[in-house]
*Asks:* 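Just dropping this structure here.
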Amino acid sequence: MKNTPSQYPSLPAFPHPCVPPSPRPHISWLDWITGLGYLFLYAPILILIVFSFNNSRFNVVWKGFTLDWYIKLFEDTKILEALKVSLIVALASTAISLVIGTLTAWAMYRYSFKGKRILEGVLYLPIIIPDIVMGISLTLFFVLIKFQLGMASIIIAHVAFNISFVMVVVRARLQGLDRTLEEAAMDLGADEVTTFFKVTLPLLSPGLIAAALLAFTLSFDDFVISFFTAGVGATPLPVQIYSMVKLGVSPVVNAISTLVLIISFILVILTEKLQRK
Amino acid sequence: MVIDVELRNVTKRFDRTTAVDNLSLQVYRGEFFSLLGPSGCGKTTTLRLIAGFEIPTEGEILINNQIVNHKRPYERNVNTVFQNYALFPHLTVAENIAFGLERKKLPRTEIRQRVAEALELVQLTGLDHRYPKQLSGGQQQRVALARAIVLKPQVLLLDEPLGALDLKLRKEMQLELKNLQHQVGITFIYVTHDQEEALTMSDRIAVLNQGRLEQLGAPEEIYEYPKTRFVADFIGISNFFKGKITGNTGQRLEVETEDGLIVKLPKEDHLKIGEKVHFSVRPEKMWLMSEMSSKNGENQFPGFIERKIYTGNATHFIVSLSYTQKVTVLLQKGDRESKRGPWTVGDKVWISWKPEDSVILKD
Ligand SMILES: Nc1ncnc2c1ncn2[C@@H]1O[C@H](COP(=O)(O)OP(=O)(O)OP(=O)(O)O)[C@@H](O)[C@H]1O
Ligand SMILES: [Mg+2]
């Protein structure tokens, strides 16, 4: 019996997914430049992390792995105290500036009144003025009104610049907000306050998270203004690190920097996740 | 008849523009009332005044015979279907529809039940957990409708609710909207710039132009007896004539147009010889003939066919009667007259219309 394929009705040609020829990986000059850019950005940070595990008191040659510096770090009450101050200042100033900044931005967007443009300009000023000028003027101000320099003065100073940043971020978000949504809410029976909490605020929330993160980071990072407004009792981390560096860069500084880096990293990933929701 | 909404000499001025100009009208309970007019004529502003998003510069707005000029939107028993739907993007379909009911602090079980009913009414059952951006334009439109209707307002305001839909869906939704209105028995104030939509759906139409009321009446009234040139032009197609009255004999008014045509019109007592008049004739009221006819004694004029436009169920002929006067004649398929054709461009024809099909316009 012949069993040639021709005896069988030919199968209908199923459309099968087109497999594109795999492109040969080739590295263009663009990739090189991108690589260089990343190297430029992250090499110093990588070196910092690597040397935080270096078994040597000097940040020059690799002498083997150790966790000594981290142990030392957690034994150093001054650093831990400074970290606590920084966290409290960052959290408090973020919370306060978020509330004030959001409400101000909303009022500016919602209502028009005389001198609005000028007031707006003034509110954005802290972004433009050099930190050093702000630092000095705030200190002068506190001294003048005989306000005790300490944790409270740092928080107030940080709120002063964070409000502006919060406003810029929230303002941008408000600009993209559809005004008719608020009108729809009122049309359906919601008064102004309910409308704000049920419609405006939820729609603003991605902007608010972004603003809070920015404010937290700016506050946590700040050195110049903190340096001027810190009192004897309360030293934030950057100021503490600075005073340590003055005596020579100890790998403990590398260790604390690495930890701060990891915290920032986690925060960024968290917001990414939150915003994608 | 019960009056649901009344505007008394309402004017709304923005910085330089007068969006609504001394507008007075009454909307009766249960009627389908349309605001019709070209873009920028103040339709949306009128609706926003009624909804409470704008405060009139002058005049009074009454809902249920009470002046509501300074009442906030949430204090008025009217609801709006917005032009862009304005669905809350952070809420699901069901939450959107429940929004107004929750503000009324109704018990949960009642809210759930009424949301389900509303979804069924607009045929969206099963989509309650979707977010607005997961819906098609037509579905979003229905949600917007359900969200307003579920509150059983006294008056529903609709701002070009079908404007964003394609033609076929729009026609379907027109019918559905009309049925829905019968079902729920709510007064509709409906904004549109589409004259056909207004004619097919409304009980009464207010034609607006530059914030002023041009004419208010039933669709047939507006179409058959336009009062102004604007209305005659905006609604359907019209042939316009300008002339001077030369005679007022018996039952007929005689007008000599600028091109020297002697046209017969129905008698109008208040017009005198020598007075200037404008009048219009609808294209479908005119007919074409190959020769002069003894049957149609009055208003027969010779002309040339300049263009012929075929539109499927009808044909438009552009006929020039003189250098300056051109008219459009519309022949429906199956019209008696059209069988005498077929005329083509360049043919000499006679056009004719009955004196009573001329409408004298205020201008
Ligand atoms: N908030 C406002 N400020 C200034 N001018 C406005 C405002 N709202 C409307 N106008 C003006 O008022 C006039 C009427 O506007 P309106 O929106 O009522 O027109 P419309 O009939 O709804 O037009 P469309 O069919 O294009 O929607 C327009 O000239 C418009 O520019
Ligand atoms: Mg409009």
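This one's a predicted model, so the numbers in the text were calculated from it and none came from an experiment.
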*Asks:* Could you report the tightest heavy-atom contact between B:Arg103 and A:Gly189, atom names first, then the distance?
*Replies:*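 Minimum heavy-atom separation between B:Arg103 and A:Gly189: CB-O, 3.8 Å.
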*Asks:* If you look at every heavy atom in A:Leu203 and B:His90, which pair is closest and at what distance?
*Replies:*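 Reported closest heavy-atom pair: CD2-ND1, 3.5 Å.
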*Asks:* Could you tell me which portion of B:Phe88 (side chain, backbone, both or neither) has an atom closer than 4.5 angstrom to a non-hydrogen atom of chain A?
*Replies:*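 Both parts, backbone and side chain.
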*Asks:* Given heavy-atom pairs under 4.5 angstrom as the criterion, report whether the side chain, backbone, both or neither of A:Asp187 touches chain B.
*Replies:*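 Interface part for A:Asp187: both.
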*Asks:* Is the shortest distance from a Lys or Arg side-chain nitrogen in A:Lys198 or B:Glu102 to a carboxylate oxygen in the other one below 4.0 Å?
*Replies:*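 Result for this pair is no, no salt bridge flagged.
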*Asks:* Examine whether an atom of A:Thr194 lies under 4.5 Å from a heavy atom of chain B, and if so say whether it belongs to the side chain, the backbone or both; otherwise answer neither.
*Replies:*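 Only the side chain of A:Thr194 comes within 4.5 Å of chain B.
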*Asks:* Tell me whether A:Lys116 at atom NZ has more than 12 heavy atoms from other residues, nucleotides or ligands lying less than 6.0 Å away.
*Replies:*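 More than 12 heavy atoms, drawn from other residues, nucleotides or ligands, come within 6.0 Å of this atom.
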*Asks:* If you take all heavy atoms of A:Ala190 and B:Phe99, which pair is closest and at what distance?
*Replies:*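 Scanning both residues, the minimum pair turns out to be CB-CE2, 4.0 Å.
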*Asks:* State whether the number of non-hydrogen atoms from other residues, nucleotides or ligands found under 6.0 Å of A:Phe113 atom CZ is greater than 12.
*Replies:*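 For A:Phe113, atom CZ is crowded (more than 12 foreign heavy atoms under 6.0 Å).
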*Asks:* Can you tell me how far apart CD (A:Glu183) and CZ (B:Arg48) are? Round to the nearest 0.5 Å.
*Replies:*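 Those atoms lie 4.0 Å apart.
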*Asks:* Between chain B and each of A:Thr195, A:Asp178, A:Val199, count heavy-atom pairs under 4.5 Å; write down the option with the most.
*Replies:*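 Most pairs with chain B among the choices: A:Val199.
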*Asks:* Give a yes or no on whether B:Phe14 atom CZ has more than 12 heavy-atom contacts from other residues, nucleotides or ligands under 6.0 Å away.
*Replies:*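 Enclosed.
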*Asks:* Please determine whether the number of non-hydrogen atoms from other residues, nucleotides or ligands lying under 6.0 Å from atom NZ of B:Lys178 exceeds 12.
*Replies:*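 Enclosed: over 12 neighbouring heavy atoms sit under 6.0 Å from NZ of B:Lys178.
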*Asks:* Can you tell me if OH on A:Tyr124 sees more than 12 non-hydrogen neighbours from other groups inside 6.0 Å?
*Replies:*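 Yes.
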*Asks:* How long is the straight-line distance from CG of B:Asn84 back to CG of A:Leu181, given to the nearest 0.5 Å?
*Replies:*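 Separation between the atoms: 7.5 Å.
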*Asks:* Could you look at B:Leu87 and say if it's the side chain, the backbone, both or neither that has a heavy atom under 4.5 Å from chain A?
*Replies:*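 When you check distances to chain A, only backbone atoms of B:Leu87 fall under 4.5 Å.
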*Asks:* I'd like to know whether CD1 of A:Ile118 has more than 12 heavy-atom contacts from other residues, nucleotides or ligands below 6.0 angstrom.
*Replies:*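 No, because the 6.0 Å sphere around CD1 of A:Ile118 holds 12 heavy atoms or fewer from other groups.
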*Asks:* Within a reach of under 6.0 Å around CD of B:Glu110, are more than 12 heavy atoms found that belong to other residues, nucleotides or ligands?
*Replies:*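 Atom CD in B:Glu110 is packed in, count exceeds 12.
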*Asks:* Apply side chain to side chain contact (heavy atoms under 4.5 Å, CB included) to the pair A:Leu188 and B:Arg147, showing each step before the final yes or no.
*Replies:* CA-CA 8 Å; A:Leu188 295 167; B:Arg147 188 176 69 174; 3.5 Å; yes
*Asks:* Counting heavy atoms not belonging to A:Phe196, are there more than 12 under 6.0 Å from its CZ?
*Replies:*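 Buried by this count: over 12 neighbours within 6.0 Å.
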